[in-house]
> 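If you scroll down you'll find the structure; I have some questions about it.
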Amino acid sequence: MGRKLRNFFKTVLVILITAAIPGLLFMYAVQAKKNTDLLREIKQLEVKEAKLIEENKKLVSDISVLTSAERIERIAEEELGMHKAESEDIVRVEMTGEKKK
């Protein structure tokens, strides 16, 4: 009886190992696919990041061009008819006295 029981357990062990190998290979394949998908997503995000960085550089450049003193002065003079104030155009107001509560 002992020998039959030992043979039975050996057979069960061999069957379990034989069944486990394809299962482990399947789990490895699933994990490899997930890894490949994640690597593809990382590359796509890196490309998107590079495009956004370039767009940001362009926008910063546009801001510096649009806010330049020369451009603002030209628009003020040509489009709005403004001019630089002369010293006689400047009026200074001085407030004296106590504040009322």
Side-chain angles (χ1 to χ4, degrees):
M1 178 86 176
R3 189 172 199 144
K4 284 186 177 184
L5 190 58
R6 242 183 274 148
N7 283 339
F8 173 75
F9 283 125
K10 283 182 183 179
T11 305
V12 169
L13 183 61
V14 169
I15 291 171
L16 286 176
I17 291 173
T18 305
I21 291 173
L24 292 172
L25 289 174
F26 176 75
M27 290 189 326
Y28 176 78
V30 169
Q31 194 65 26
K33 181 173 178 355
K34 284 182 183 180
N35 189 36
T36 302
D37 292 344
L38 288 174
L39 288 173
R40 185 179 309 116
E41 184 178 355
I42 287 170
K43 287 182 183 182
Q44 289 172 347
L45 290 172
E46 286 173 345
V47 168
K48 186 175 181 179
E49 177 189 33
K51 287 179 183 177
L52 289 173
I53 288 171
E54 286 303 314
E55 183 180 346
N56 192 44
K57 286 179 184 178
K58 182 185 178 307
L59 291 173
V60 168
S61 173
D62 289 349
I63 288 171
S64 61
V65 167
L66 293 174
T67 59
S68 70
E70 297 83 17
R71 179 180 177 278
I72 292 172
E73 186 175 342
R74 182 183 52 77
I75 290 172
E77 290 175 353
E78 294 175 6
E79 295 180 20
L80 302 175
M82 300 172 83
H83 64 279
K84 287 187 178 182
E86 302 294 332
S87 59
E88 63 268 4
D89 295 334
I90 299 172
V91 177
R92 289 191 168 86
V93 177
E94 190 174 317
M95 304 289 289
T96 59
E98 294 181 21
K99 290 185 179 180
K100 294 185 179 181
K101 292 184 180 181

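Being a predicted model, the structure only gives us computed values, none of them experimental.
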> Give me the one residue out of Glu73, Arg74, Glu79 that meets side chain to side chain contact (heavy atoms under 4.5 Å, CB included) with Glu77.
Glu73

> Evaluate Glu54 against Lys57 for salt bridge (Lys or Arg N to Asp or Glu O under 4.0 Å), listing each step before the verdict.
CA-CA 5 Å; Glu54 286 303 314; Lys57 286 179 184 178; 3.7 Å; yes

> When you check the gap from the basic side-chain N to the acidic O, do Glu55 and Lys58 get nearer than 4.0 Å?
no

> Hydrophobic clustering (ILVMFWY, side-chain heavy atoms < 4.5 Å, transitive) - are Leu13 and Ile21 grouped together?
yes

> Taking 4.0 angstrom as the limit, do Arg40 and Asp37 come out as a salt bridge?
yes

> If I take atom CG from residue Asn7 and atom CZ from residue Arg3, how far apart are they, to the nearest 0.5 angstrom?
6.5 Å

> Got more than 12 heavy atoms from elsewhere within 6.0 Å of CD, Glu88?
yes

> Quick one: OG1 on Thr11 to CG on Leu16, what's the gap to the nearest 0.5 Å?
11.0 Å

> So, taking the atom named CD in Gln44 and the one named CD in Glu46, what distance separates them when rounded to the nearest 0.5 Å?
11.0 Å

> CG/Asn56 to OG/Ser61 distance, rounded to the nearest 0.5 angstrom?
11.0 Å

> Can you hop from Ile53 to Leu45 via hydrophobic side chains spaced under 4.5 Å?
no

> Heavy atoms only: give me the nearest Thr67-Ile72 pair and the separation to one decimal.
O-CD1, 3.7 Å

